[in-house]
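One structure is given below, encoded as structure tokens.
Not measured: the values here are computed from a predicted model. Residues take their numbers from the sequence shown, with the count starting at 1.
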Amino acid sequence: MDAFRRMMSAFPTGVAVVTTTDENGRPRGLTCTSLSSITLSPPTLMVSLLSTSGTLRAARGRGGFAVNLLHSRGRRAAEVFSSPVPDRFAEVGWRPVGDSGLPWLARDAFAVAECRVAGSVEVGDHTLVLGEVVRVLQTADVPLLYGLRSFSSWLSGSAPPPPSDALGPDHRG
């Protein structure tokens with residue numbers, strides 16, 4: 001277990017905050033570094049969430065979630081959403097996004113994907129959740145990275161522009 005943890009900590013990854021709202025409309029969210037693109041048709045991604053997570057429970061109940069990709073200045077948001085702070089959303093700026101009203105960390109995320117839950121699979125103590133992407137908002141910025149148990153940012157002086165075939169703000173899946 002320790003060898004596996006050391007190996008995976010040496011593999012840097014982008015940092016995201018998965019957000020949703022519960023049955024009472026309260027925002028829920030957590031930091032996630034286990035995120036992967038699955039397919040372009042239909043556009044689908046996968047997040048790995050602790051199976052006992054209230055965010056997972058709320059996403060399943062609502063049938064949707066948002067993936068907020070944090071920019072290099074979003075470290076505090078990453079730390080807040082990975083901590084036991086009782087009201088994480090009181091600690092960061094956020095607003096509802098699009099028609100879904102899912103929580104968007106607008107000050108800390110350079111991109112947000114609104115997703116419809118398309119399936120899930122339990123693996124050990126985590127649940128892999130497939131999200132069909134129904135809308136993306138994105139600006140050019142430098143992503144926050146996590147590896148070797150610390151935060152960092154892209155080494156280049158400027159962020160690459162968003163791909164020309166990126167899903168725009170009006171894309172509906």
[X]: what forms a side-chain hydrogen bond (donor to acceptor under 3.5 Å, both in side chains) with it, not counting sequence neighbours?
| X | value |
| --- | --- |
| Thr13 | none |
| Arg107 | none |
| Thr19 | Asn68 |

The criterion is salt bridge (Lys or Arg N to Asp or Glu O under 4.0 Å); which residues satisfy it with Arg73, sequence neighbours excluded? Asp141
Which residues satisfy the salt bridge (Lys or Arg N to Asp or Glu O under 4.0 Å) test with Arg26, sequence neighbours excluded? Asp22
Can you tell me how far the CZ atom of Arg88 sits from the CG atom of Leu105, to the nearest 0.5 Å? 11.5 Å
Sequence neighbours excluded - ring pair (Phe, Tyr, Trp, His ring centres under 6.0 Å) pairs with any residue from [range]:
| range | result |
| --- | --- |
| residues 24-77 | none |
| residues 105-145 | none |
| residues 80-103 | Phe81-Phe89, Phe89-Trp94 |

A side-chain contact here means heavy atoms from C-beta on lying under 4.5 Å apart; do [X] and [Y] qualify?
| X | Y | result |
| --- | --- | --- |
| Leu50 | Leu56 | no |
| Ser51 | Asp125 | no |
| Val136 | Val112 | no |
| Tyr146 | Thr31 | no |
| Val133 | Leu45 | yes |

Taking salt bridge (charged side-chain N to carboxylate O under 4.0 Å, His left out) as the cut-off, I'd like each qualifying pair that reaches into residues 51-64, sequence neighbours left out, listed once. none
Looking only at the side chains, is there a donor atom on one of Glu122 and Thr127 sitting less than 3.5 Å from an acceptor on the other? no
Please confirm whether the backbone N or O of [Y] pairs with a side-chain atom of [X], one donor and one acceptor, at under 3.5 Å?
| X | Y | value |
| --- | --- | --- |
| Arg76 | Asp108 | no |
| Ser82 | Ala78 | yes |
| Thr33 | Val15 | no |

Other cluster members, Leu148 - Ile/Leu/Val/Met/Phe/Trp/Tyr, side-chain contacts below 4.5 Å: none
With sequence neighbours excluded, tell me which residues meet side-chain contact (heavy atoms from CB on, under 4.5 Å) with Leu128. Met46, Ser48, Val123
How would you list, by chain and number, every residue that makes a side-chain contact (heavy atoms from CB on, under 4.5 Å) with Leu145, sequence neighbours excluded? Trp154
